[in-house]
Number of protein chains: 2
Amino acid sequence: MSAIEAKNPARGRPRSETKRKKILEAAVDLFLANGYEGASVEDIAAAAGVSRQTVYSHFGSKEDLFGLAVSSRCKKSGVDPDRIDYSQPPEVMLPEIARRFATLLLGEDAKRVNAICTSCADTHPELGQLFFEHGPCQAKQAVADYLASQAQRGRLAITNPGFAAWQLLCMLKGEAQLRVQFNCEPLPADAIDAYIDDCVAMFIRAYTPAAV
Amino acid sequence: MSAIEAKNPARGRPRSETKRKKILEAAVDLFLANGYEGASVEDIAAAAGVSRQTVYSHFGSKEDLFGLAVSSRCKKSGVDPDRIDYSQPPEVMLPEIARRFATLLLGEDAKRVNAICTSCADTHPELGQLFFEHGPCQAKQAVADYLASQAQRGRLAITNPGFAAWQLLCMLKGEAQLRVQFNCEPLPADAIDAYIDDCVAMFIRAYTPAAV
DNA sequence: TATATTCTGGACTCATCAGTCCAGTCATTC
DNA sequence: GAATGACTGGACTGATGAGTCCAGAATATA
């Protein structure tokens, strides 16, 4: 609840930016690892090598800190659209995209961010939204752009690239991602690869332009 | 930690089965609504119209109660394969299945079970597994069976019905389910319907047998 | 009726954790 | 070197919640 602004920033000892970063880092780690309830301010302060009071001085409250932590995390873990080569045809580019996406999806980090955002949906509705936009939505947009470009070149018969992008990405999740999400025995790697290949092939088949 | 067995079940006042059920019901409701941490034993006892001690007498500990509650819930909320008509062709049956699945998926209950199982993944790994088997896995199997039957009749060109079933079901989740999961503004109903129709059409296109 | 057991409800312990307060120390600016 | 504000660490408050204990009431069997 406290106002976080410095009383007179020009005078006295300035707040340490290093400490601020340390705290935020520690918060990201601990919140992701243990969830909101599971990570105490004391733990975070200790992990950052800082007193509890300093945490409050920098961030005001646990809630505020939580918001900033998750937000900072989401912003840096998106799928970068830069690595999509628009000149490559779908048969080359889609398997590549699919594999990258699957790797991201099945990692420990995605699982945790997912868990946090899901479980805190009620207490922190804005977090889910934040993650949705910086995560899935961004990935979808990148794919949709690529698909649209291919459609324009006549390589794919897609009228609604947005739909098609969601279809591809959601499809890729498959059994493997559910198993990760719900802590089940993971699928063997070759089964995952086979599934992904099958998805891409199926997708291309559905959207291949009619032969001339 | 306490042993829950009655000391001498034949003698004395027997444990009330009614109370047991009431407690379990209340536990399901409150755990689903508030999560594991959010639902206190006191709340549950109160909701069941019973003393806290009775809860402990019946279930031993909060953890045990939690496990039984989620387990009982999962068992009764599966997708029933009975309502699939194997004689109907894909063009008729798949849109029907897709709609039913989407309704289930976007409901409040699915969201909550999902949230609980996801957030308790670390403390209660067996719960996720339980849900996975009684939920998604069962639905997938029903669809896979139907697809296999259609493949056998030559109506679909599917060699791996399991893959195809996961593809269809995962694809259907789409943007709408992500929005539900992450507490975002829901999509308008007509957009959801359009997406579902598009998915089914796309699926059938990909698996239509080559013309003779 | 005697006995065994459940159920109640309230009091109790124990632990955890968010957030505050404060006195003393440290770094920075004027 | 004086004023100012950040930082520390420990003590403190207040709240919450799991699990236990107990005395008395209720309910079943023998």
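Throughout, a chain's letter reflects where its sequence line sits, starting with A, and its residues are numbered from 1.
Side-chain contact, A:Tyr86 with A:Gln152: no donor N or O sits under 3.5 Å from an acceptor N or O. For the residue pair B:Ser57 and B:Thr54, no side-chain donor N or O sits within less than 3.5 Å of a side-chain acceptor on the partner. Judged purely by distance below 3.5 Å, without hydrogens or angles, the side chains of B:Tyr36 and A:Glu37 never pair a donor atom with an acceptor atom.
When the P atom of C:dC7 is taken as reference, atom CD of B:Glu17 falls 11 Å away, rounded to whole Å. For the pair B:Glu37 CD and C:dA18 P, the computed distance is 12 Å after rounding to whole Å. Computed from coordinates, the A:Glu63 CD to C:dG19 P distance equals 8 Å when rounded to whole Å. When the C1' atom of D:dG19 is taken as reference, atom CG of B:Asp64 falls 13 Å away, rounded to whole Å. Distance CG (B:Leu65) to P (D:dG19): 10 Å, rounded to an integer number of Å. One atom, CZ of B:Arg20, and another, C1' of C:dT6, lie 15 Å apart when rounded to the nearest Å. One atom, CZ of B:Phe66, and another, P of D:dA18, lie 13 Å apart when rounded to the nearest Å. If you measure from atom OH of B:Tyr56 to atom C1' of C:dG10, you get 15 Å, rounded to the nearest angstrom.
For the OP1/OP2 pair of D:dC7 and a distance below 4.0 Å, the side-chain nitrogens and oxygens of A:His58 include at least one atom meeting the criterion. For the OP1/OP2 pair of D:dG17 and a distance below 4.0 Å, the side-chain nitrogens and oxygens of B:Lys62 include no atom meeting the criterion. Taking only side-chain nitrogens and oxygens, B:Lys19 never comes nearer than 4.0 Å to OP1 or OP2 of D:dT27.
For A:Arg13, taking side-chain heavy atoms from C-beta onward, the closest of the listed nucleotides C:dT8, D:dT20, C:dC26 is C:dC26.
Between B:Lys21 and B:Glu25, none of the side-chain N atoms (NZ, or NE/NH1/NH2) sits under 4.0 Å from a carboxylate O, so this pair counts as no salt bridge. Between B:Asp197 and B:Arg99 there is a salt bridge, since at least one side-chain N of the basic residue sits less than 4.0 Å from a carboxylate O of the acidic one.
Near-neighbour residues of DNA chain D inside residues 40-55 of chain A, defined by a heavy atom below 4.0 Å, number-ordered: A:Gly49, A:Val50, A:Ser51, A:Arg52, A:Gln53, A:Thr54.
Note on ring orientation: taking the six-membered ring where Trp is involved, the planes of A:Phe31 and A:Phe66 are perpendicular (angle over 60°, cut-offs 30° and 60°).
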Inset, instruction - Evaluate the side-chain contact (heavy atoms from CB on, under 4.5 Å) criterion for residues A:Leu94 and A:Tyr146: first the C-alpha distance (whole Å), next the side-chain angles of each, then the deciding distance (0.1 Å), finally the verdict. - result: CA-CA 9 Å; A:Leu94 287 185; A:Tyr146 171 75; 3.9 Å; yes
